[in-house]
Amino acid sequence: MRFFSVVFILLGLCFGFGGIWLVSLGGSPYYLFAGLAFFLSGIAIWKKKRTLSHYLYTFFLLLTMLWALSESGLDWWPLATRMGLPLLLAIPLLVTFKSANRSSTLSLFVVWGISSIITLGSIIPTTHDVAGDLSEEVVNSSPNMGNIEDDAWLSYGRSNYGQRYSPLEKITTDNVSQLVPAWQTQTGDVKRPNDVGETTYQATPLKIGNTLYLCTPHNWLVALDADTGKKRWIFDAKVPAESQRQHQTCRGVSYLPPQHAADSINTTLTDSKPNMSTQDLPSVQCDAQLFLPTSDARLIAIDPNTGARCNNFAKDGILNLMSNMPYKQDGYYYSTSPPIVTNGVVVVAGAVNDNYDINSPSGVIRAFNQKTGELMWNWDSANPDDTSPIADGKTYTVSSPNSWSVASADEKLGLIYFPMGNRTPDQLGMYRNPSEEKYSSSVVALDAKTGQAKWVQQFVHHDLWDMDTPAQPSLIDLKTENGMQPALVVPTKQGDVYVLNRKTGEPIQPITEKPAPQGAIKGDFTSKTQPVSALSFNPPALKETDMWGGTLIDQMICRIQFKSLRYEGRYTPPSEQGTIVYPGNFGVFNWGGIAVDPKRQVMFGMPLNLAFVSTIQNKETSGFSEEDSNKGEHGVNANHGAPYAVELKPFLSPLGVPCQQPPWGYVAGANLVTGDIAWQHKNGTIEDMTPLPLKIKMGVPGIGGPIITAGGVAFLGASVDDYLRAYNLTNGEELWKARLPAGGQATPMTYLNSKGEQIVVIVAGGHGSIGTKPGDYVMAYKLATP
């Protein structure tokens, strides 16, 4: 019995000291009470005062149940973690100490039994979900979807409109449960020992003719037979390893159709040596072209038929994107997203490493002649008015805001829409000029002919939180009170979804300015207000009662952290104290974005709620070490040249789980005409998050994007359990899922094969940052043959 007494006494000391600390910070007194109860119960057990120990523990368990219900209600995950340890430790008291007074034992048993039933019963209620239905009415019967064939997928979002919507309707809500594997293949590009942490498959294939084209993390371009998945050819860009890159990935390639109808893509290609790289083939004259961006800052034009480089473009098919850069550190600048091809130009933006150096490459956006590679214009957000091609010997502006995500284009309006990031360093705003302040963390419309900015809408003023606009804008002709308007829909990391007139930039869904927390570090400032969209998935502000953990102990530690860190709601400025950033810079939405149905005028998305911690480190006083810096996007980033470093990390308990209680991930549907969120449901299970394969639906994190089909089905992988799922677009019901051999952190796509069968494809290769299983798979599904 002495063992149990020691356990209770030690728990009492742990909760006692932690409880005193928490109370001193203004937190809940419960943990101090728990410490006293465990300690006194342990002493009673040690002295063999079994009746007293039962009464003490009965009183403690009863008050714990009342406290837990007052904070959690009948919400399983918060309630179970509050009650788990107290209920578990009651068992040895009930089983072992039989000589105690019967009434004391009975009282403990009754309270324990009722508490257990209430706790287990909390599994049944569906909490956090919002039930409802999206309208099935066709609002626009003949929408513009980018003027491409129904069976094709010609750019990252299917067309330059970025809708991620397919008019195919052979797969429906009625038959999607009959999907079976059609084929699978492996690219051969796998994670290497010297790769950076965030090495990941994020590619969405293109479907041109009867060939699929996709890129891999190390910038291979792989051509697959759309019927069988058989490799036709592989182009390996031979990208060298570089430890300073924050990301090793490729989201997609871009396509320039043939200029002459007779020069269509050959759909009867053979593959005598499909695993041999074509990069050493003699270059050829190309009509149609594929554009492959690389992580060593090149843009390569490739013949879709043979995989050879196009000698009519740039220098033997290769364009050097480091030209005219003010700084050229290896690994600091690269392109992870496909360029956009429109109005005679191929337009390239790129990513600049966050928080490595205040003197970094420029975030300039450049347009090149789509056939020759000649520079046509350049738009540098720090010097936005001068868009004429830069002269030899000149350089672009240092560290200016970049556009690392995917752009959209309206060829008729002649406008290209870029989601804009921030100037590095993200958390230090004292280096920005007025133009950088204007264009950072926004969407900007550039004239395709001149590069001049036609309008800009900013989503975060003086961004100090790394709230880059992360996703491709979706273009849709939207019904409004003023008739049909050309609209642009863009989701943000902070959860707002902005609906704008894409011709003028004027809001369609209202935008208001709300007061924001103040108090930046010395030498910086904060905006007094921040914009908020009427359509928003921004989660409620965190409270101490939202803190979570696998046990009461790490939950207490999370509460201590919560009370010790600075947090005054969304846009609390970064601080040396440490600031909770919620939503975190991982984003409510990230590069996967949303999918929109241009006919029904609704959207499908995957909002996430994850808190991060941003801590500013004064290099002179904080013990900052260069050896511990530059460990990727998260960790300690040096901000070389600045007096402050910054540490970014998820807000986690000592057990490595989020300090905020679940759910963390949802799927949701919203009406773009009314701005109403119709439904929202927890998404994903903990099957791949724990040692035991428990298929418990929890609402888990993820990263990736969805698609919608005319059959009323939305497809999404993304979550940290390795599944591709199909949902009913109208109400969010999960209709089908398939187990993937690796993490599905890529956006799927769909097309018709040569037999007229509708195929759904997803690339499954895992994601380095969220720790899903790596791989190199391409998975295809179709309806089972009757």
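Values below: every heavy atom of this structure, side chains too, minus hydrogens, waters and symmetry copies. Along the sequence shown, residues are numbered consecutively beginning with 1.
- Crowding of Lys773 atom NZ: a count of heavy atoms from other residues, nucleotides or ligands under 6.0 Å not exceeding 12.
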Residues Asp316, Arg309; criterion salt bridge (charged side-chain N to carboxylate O under 4.0 Å, His left out); working and verdict: CA-CA 7 Å; Asp316 212 25; Arg309 284 173 290 110; 2.9 Å; yes

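- Here the straight-line distance linking atom CG of Asp722 with atom OG1 of Thr772 works out to 6.0 Å at 0.5 Å rounding.
- Arg502 contributes no side-chain N or O that, together with a main-chain N or O of Leu475, makes up a donor-acceptor pair within less than 3.5 Å.
- No more than 12 heavy atoms of other residues, nucleotides or ligands sit less than 6.0 Å from atom CG of Asp392.
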Derivation and outcome, salt bridge (charged side-chain N to carboxylate O under 4.0 Å, His left out), residues Asp151 and Lys207: CA-CA 8 Å; Asp151 67 336; Lys207 193 263 187 177; 3.6 Å; yes

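- In this structure, Lys328 places its NZ atom where more than 12 heavy-atom neighbours from other residues, nucleotides or ligands lie under 6.0 Å away.
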Criterion ring-ring contact (aromatic ring centres under 6.0 Å, His included) on Phe313 and Phe291, from CA distance to verdict: CA-CA 10 Å; Phe313 183 82; Phe291 294 102; 5.3 Å; yes

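- Between the side chain of Ser335 and the backbone N or O of Gly350 there is no donor-acceptor pair closer than 3.5 Å.
- Side-chain atoms of Asn369 and Met376, non-hydrogen and from C-beta on, do get closer than 4.5 Å to each other.
- Below 30°, between 30° and 60°, or above 60°: for Tyr213 and Trp233 the angle between ring planes is between 30° and 60°, a tilted geometry.
- Using modelled atom types and a 3.5 Å distance limit, the side chains of Thr424 and Asp354 yield no donor-acceptor pair.
- A side-chain donor-acceptor contact under 3.5 Å links Ser159 to the backbone of Met145.
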Steps toward side chain to side chain contact (heavy atoms under 4.5 Å, CB included) verdict (Asp303, Gln289): CA-CA 5 Å; Asp303 175 40; Gln289 294 173 181; over 6 Å; no

Pair Lys191-Asp776, salt bridge (charged side-chain N to carboxylate O under 4.0 Å, His left out): steps then yes or no: CA-CA 9 Å; Lys191 191 168 183 178; Asp776 63 334; over 6 Å; no

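- In this structure, the separation between CZ on Phe235 and SG on Cys215 is 12.5 Å, given to the nearest 0.5 Å.
- Under the 3.5 Å distance criterion, with hydrogens and angles disregarded, no donor-acceptor pair is assigned to the side chains of Asp357 and Ser360.
- With hydrogens and angles disregarded, no donor-acceptor distance shorter than 3.5 Å links the side chain of Thr397 to the backbone of Ala382.
- Between Tyr327 and Tyr332, the ring center distance fails the sub-6.0 Å criterion.
- A donor-acceptor pair under 3.5 Å is absent between the side-chain atoms of Thr336 and the main chain of Cys250, judged by distance alone.
- When atom types are taken as modelled, the side chain of Thr469 and the backbone of Ser442 share a donor-acceptor pair closer than 3.5 angstrom.
- Salt-bridge formation is detected for the pair Asp287/Lys371: a Lys NZ or Arg NE/NH1/NH2 atom is positioned less than 4.0 Å from an Asp or Glu carboxylate oxygen.
- Residues Asn219 and Ser295 bring a donor and an acceptor atom of their side chains to less than 3.5 Å of each other.
- Side-chain contact check for Tyr334 versus His247: some heavy-atom pair is nearer than 4.5 Å.
- The shortest heavy-atom contact between Tyr156 and Arg164 is CE2-NH1, 3.6 Å.
- Remark: the Asn210 side chain and the Asn753 side chain contain no N/O donor-acceptor pair separated by less than 3.5 Å.
- Thr395 and Asn324 form no side-chain donor-acceptor contact under 3.5 Å, judged by distance and modelled atom types alone.
- Here the NZ-CH2 distance, from Lys238 to Trp220, works out to 8.0 Å after rounding to the nearest 0.5 Å.
- A side-chain donor from one of Asn144 and Tyr161 sits under 3.5 Å from a side-chain acceptor of the other.
- The side-chain heavy atoms of Leu290 and Leu221, taken from C-beta on, include a pair separated by under 4.5 Å.
- Considering only heavy atoms from C-beta on, Pro339 comes within 4.5 Å of Pro293 through its side chain.
- The CG atom of Asn194 sits 9.0 Å away from atom CD of Gln248, with the distance rounded to the nearest 0.5 Å.
- Looking only at side-chain heavy atoms (C-beta outward), Trp404 and Arg251 come within less than 4.5 Å of each other.
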Asn312/Thr372 under side chain to side chain donor-acceptor pair (under 3.5 Å): CA gap, chis, key distance, verdict: CA-CA 6 Å; Asn312 51 284; Thr372 67; over 6 Å; no

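- Not a single donor-acceptor pair under 3.5 Å links the side chain of Gln163 to the backbone N or O of Val596.
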Worked check of side chain to side chain donor-acceptor pair (under 3.5 Å) between Gln244 and Asp330: CA-CA 7 Å; Gln244 291 298 306; Asp330 290 340; over 6 Å; no

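- With hydrogens and angles disregarded, no donor-acceptor distance shorter than 3.5 Å links the side chain of Asp468 to the backbone of Pro470.
- Judged purely by distance below 3.5 Å, without hydrogens or angles, the side chains of Thr709 and Glu169 never pair a donor atom with an acceptor atom.
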Candidate pair Ser405 and Ser337, rule side chain to side chain donor-acceptor pair (under 3.5 Å), full reasoning: CA-CA 6 Å; Ser405 191; Ser337 295; 4.9 Å; no

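- Residues Met325 and Val364 form a side-chain contact, since some pair of their non-hydrogen atoms from C-beta on lies under 4.5 Å apart.
- In this model, no donor atom of one side chain and acceptor atom of the other lie less than 3.5 Å apart for Asn402 and Tyr333.
- Within the 4.5 Å cutoff, side-chain heavy atoms of Leu179 are placed close to those of Leu783.
- Here the CH2 atom belonging to Trp183 is positioned 13.5 Å from the NZ atom belonging to Lys230, to the nearest 0.5 angstrom.
- Test Thr187, Asp195, Asp236, Thr249 against His218 for side chain to side chain donor-acceptor pair (under 3.5 Å) and you get one pass: Asp195.
- In this structure the side chain of Ser719 reaches within 4.5 angstrom of the side chain of Arg725, judged on heavy atoms.
- Under the 3.5 Å distance criterion, the side-chain polar atoms of Tyr439 are left unmatched by any main-chain donor or acceptor of Ala453.
- Distance alone, capped at 3.5 Å, is enough to place a donor-acceptor pair between the Gln259 side chain and the Pro257 backbone.
- Side-chain polar atoms of Gln452 and Asp447 form no donor-acceptor pair below 3.5 angstrom.
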Audit row: Arg232, Asp225, salt bridge (charged side-chain N to carboxylate O under 4.0 Å, His left out) steps and yes/no: CA-CA 7 Å; Arg232 290 181 163 167; Asp225 184 289; 2.8 Å; yes

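- Because its NZ or CZ atom is both nearer than 6.0 Å to the ring centre of Tyr723 and within 45° of the ring axis, Arg739 counts as a cation-pi partner of that residue.
- Going from atom CH2 of Trp379 over to atom OH of Tyr396 covers 13.5 Å, rounded to the nearest 0.5 Å.
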Worked check of side chain to side chain contact (heavy atoms under 4.5 Å, CB included) between Phe586 and Ile703: CA-CA 9 Å; Phe586 191 80; Ile703 190 167; 3.9 Å; yes

